[in-house]
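Single-structure report; data block below.
For the single chain, residues carry numbers from 1 onward in sequence order. When a ligand or atom number is given, it counts from 1 through the structure's own listing order. Since we're looking at a predicted model, the values are computed, not measured.
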Amino acid sequence: MFKKILIANRGEIACRVAATARRMGIKTVAVYSDADANAKHVAVCDEAVNIGPAAAKESYLCGDKLIAVALATGAEAIHPGYGFLSENAEFADACAEVGLAFIGPPASAMRAMGSKSAAKQLMEKANVPLVPGYHGDNQDAGFLQEQADRIGYPVLLKASAGGGGKGMRVVESAEAFKDALASCKREAISSFGDDKVLAEKYLLRPRHIEIQVFADTLGNCIYLFERDCSVQRRHQKVLEEAPAPGMSDERRKAMGEAAVAAAKAVGYVGAGTVEFIANQDGSFYFMEMNTRLQVEHPVTEMITGTDLVEWQIRVAAGEALPKQQSELTINGHAIEARIYAENPEKGFLPSIGTLRHLETPAAVNFELGGVPGFPAAVRIDSGVRAGDAISPFYDPMIAKLIVWGADRKQALARMAQALSQYQIVGLATNIAFLKRLVEGDAFAGADLDTGLIERNHDALFPPPRSIPVAAVALAAVALIEEEKDKSAAQSGANKGDPWGQALGWRMNFHYARKLAFSDENGKQYAPMLTYLPHGWHFEIKGLEVDLSLFKQDGVDLSIKLGETSVHGTVRRDGDAFHVFTGGGHYVLDYNDPMAHAGESEAEGGRLTAPMPGKVVAVLAAKGAEVKKGDALVIMEAMKMEHTISAPHDGVVEEILYAVGDQVADGAPLLAFKTAA
Ligand code: MV4
C-alpha cells in the first residue's frame, strides 16, 4: 500500500479523498493555488505545496507542476479527484512515465471513451444497447440526411467529441435537417476542434440513469447499482439518488451487466460510471462513460456501505476489489443535493462572497468507517468552513448534502429537514429552491425525467411572499437586544443609570418605538414596540400581541409572541437581519434613520440632531475611541428614541450636551474625529 499520495484537486473532493487516506494511514500532500492558501483542503492534508496563481490553467491544470510536487514530496500516487486532470489521458501517461501511480483508469480506457462515435462502435460490438442511430465515419451531408430519414424524426445530432450536453441539435423534420447539421458542425469544430457528428433517435422525457462500476487489475469487474440523476438544470445535476425509483431487480441486473460489459470492452480499471438514458417504459441505451469518480458517488456509498475512494486506492495499489458482486446489496435509499452559491431568482447566476454565517444541519456526521451497516442519516461533504469565501475562480459548489433513509420517503423527509436546518449568510444559495424541489409533488411522486425542473417552473419559482410576523418579531428583538448589549458595553461609567442602558425604560409613560424594515422586494415592515416591564407590546398591521424574550444564546433566540413560542436564529450582516425560523430564511433590511447620520461629514466633524428633542443618554465619554456603528447619543423625539451612531471608527472629541438637555433640529451634538 502507498505511504503517501498527492491529491491533485481542491475543495470538497480533495477533503473527501484526504479523509479516506487518513483513515487508511496514508499521508497526504495537498496542492493549492494562490486563491486557496487558507482553504480547508490545505488544512486537512499533512503537507501542502503552492502550485501557482488562482487561474486553474496556471495551477490545478498544470500536470508537470503536479508531477514535480509529487516527486519532490515523495508521494507514490496521484489522486486526481473529478474535473481538472481527472480524465486527461496525457496526464495519466505522464504519471506512468515517472513511476507515479495514477489513481484512475488506464489512459487507453479514457481515450477509448473520449470519442462518442468510437465508443459507440465498441459498445455495439460488446452488445451494449444503443439508441437507434448512426455513429459511423461517413460525414457526407446527403448520407447523414438519409440516415436521419431512416431513424425517423425527431433526430438528435451530437458532436462526437462533445459531452455533457454541448454540441447537440434536435432536428424535428427532414426539411430542418440540412441547416441543423451545418450549425451542429460549426459548434462542434469551434468547441471541440472536431466536426464529426452522430445522429440518434431523439427520446422524449428520458431519465438519466447511471451505473457505478469498479474493476481491478486482476480481471474482476462489478457494478454497484444505479443512481438516478434525472433532476438536472441545463445539464447540471441538481439532485441525485440511489437506487433509481421504480427500478425492478431484473432491469437493474440487465443495466448492471451492460455497464460491466461496457467497462470490460475498454479494459477498464478503477471507478467508472456508465451513463444510460432510459425511456419511461424502462428501455435503456448507452450514452457515455465517465472515466472518473463522480461528484454524486456518496449516494452509492450510503446504500452499499462502501468507501469508493478506499476501493480506488486499493485498486491503484494492485489489490483485488474488496467485494464480489454477490456480496453487494442495496440498503435503504440515499439522496444528494448540491448546495451552490448561486441565485435561482436571477437565472442561477453564481454568487461569490464570504460564508459569514454557516450552520449545518444537526448532522449525524458521516464518519468514514463508522458503524458498518448503520449508515449516517445526514452526511455533508464540503470544502469550505464558516469564514471561507466562494471565489470566482472555481466551481461555486458549497457542499453536497447527502441523506440516507430506510426508504425513499424517509430519505426525502430527512432531506427537507436538513435543508431547513442549513443556514448560510454572506451569499445567495439554492437552498430554498432545493427545498421547494424536494417538497414538491413532482419529485416526491418520483415523476422523474430530465425535464422535471422546466415543467414545474411555476411551482419552483412562486411569487414572493410576505415575511411572517414571527420572523419580523425575531428581527426586532434581536435588534433591540443588540443595542442594549452595545450600550451596556460602552456605558461602564453609567452603570445603574437606566438612561444609559437603552432599555427603553421611561418614567411616566410607556415608551414606544417604531422600527422600519424592508424585504428584498421593497416591501415595508414597520412593527411598533411599546416597552413593558418584561417585554414589549408588539403591533404590526393591526395585529397586537405581547412579545417577550425568554432565551438568547448568541444568535439563537426564543421569544414568546402572544401565546406562541417562536425559535429562530438571527444573524446580522450590515443592515440586513437574516432570520432563520420555521425552516425559512428571511432577510429584513433595517432602515435605521440614524445609522448613516454624519456620513456626509466625511472627515469627521459634527454629528447633528435629526429633529428637535431631548438627549436621554450619552453613551460615549470625551476622548473615547469608538467603532463605526457604536451608539454615541440617544435622543428622544415624539415619544420615539433615536440612536446617533459613530459614522466611522474614530474618537469622540467633545460632547456638547448632557442628559436631559433640549436640543434644536440640526444642532451639533458632539465633535467627532475619524480615525486615520
Ligand atoms: C439524448 C436525449 C434524448 N435522446 N439522446 C444530454 C447530455 C448527454 N449526456 C446526453 N443527453 C441527452 N441525450 C437522445 N437520443 C436527451 C438528452 C438530455 C439529457 C440527458 C441526460 C440528462 C439530462 C438531459 C437533459 C436534456 C437532454
- Message: Do M289 and Y268 make a side-chain contact, defined as non-hydrogen atoms from C-beta onward lying under 4.5 Å apart?
- Response: yes
- Query: Are the side chains of W311 and P322 in touch, meaning some heavy atoms are under 4.5 Å apart?
  - Reply: yes
- Can an N or O of E200 be found at a distance shorter than 3.5 Å from an N or O of ligand 1? yes
- Message: Does any N or O of ligand 1 fall below 3.5 Å from an N or O anywhere on Y202, backbone included?
- Response: no
- What atoms of ligand 1 come closer than 4.0 angstrom to any heavy atom of K158? 1 (C), 5 (N), 10 (C), 13 (N)
- Message: I want to confirm something. Looking only at heavy atoms, which of H235, M287, K237, H208 is nearest to atom 18 (C) of ligand 1?
- Response: H235
- Message: Below a 4.0 angstrom heavy-atom separation, can you tell me which part of K201, side chain or backbone, both or neither, approaches ligand 1?
- Response: backbone
- Query: If you measure from the Lys or Arg side-chain nitrogens to the Asp or Glu carboxylate oxygens, is any gap between E301 and R16 under 4.0 Å?
  - Reply: yes
- Item | Numbering as shown, the atoms of ligand 1 that approach Q232 to under 4.0 Å (heavy-atom distance) | 22 (C), 23 (C)
- Message: Under 6.0 Å between ring centres: does that hold for F348 and F433?
- Response: yes
- Using a distance-only test with no angle check, is there a side-chain donor-acceptor pair under 3.5 angstrom linking T291 and E87? yes
- For ligand 1, the portion of L156 having any non-hydrogen atom under 4.0 Å away: side chain
- Query: Short list, please: which atoms of ligand 1 are under 4.0 Å from a heavy atom of E275?
  - Reply: 9 (N)
- Item | Salt-bridge contact E90-R111 (side-chain N to carboxylate O under 4.0 Å) | yes
- Pairing of K158 and E288 as salt bridge, 4.0 angstrom limit: no
- Message: V131 versus ligand 1: do any nitrogen or oxygen atoms come within less than 3.5 Å of each other?
- Response: no
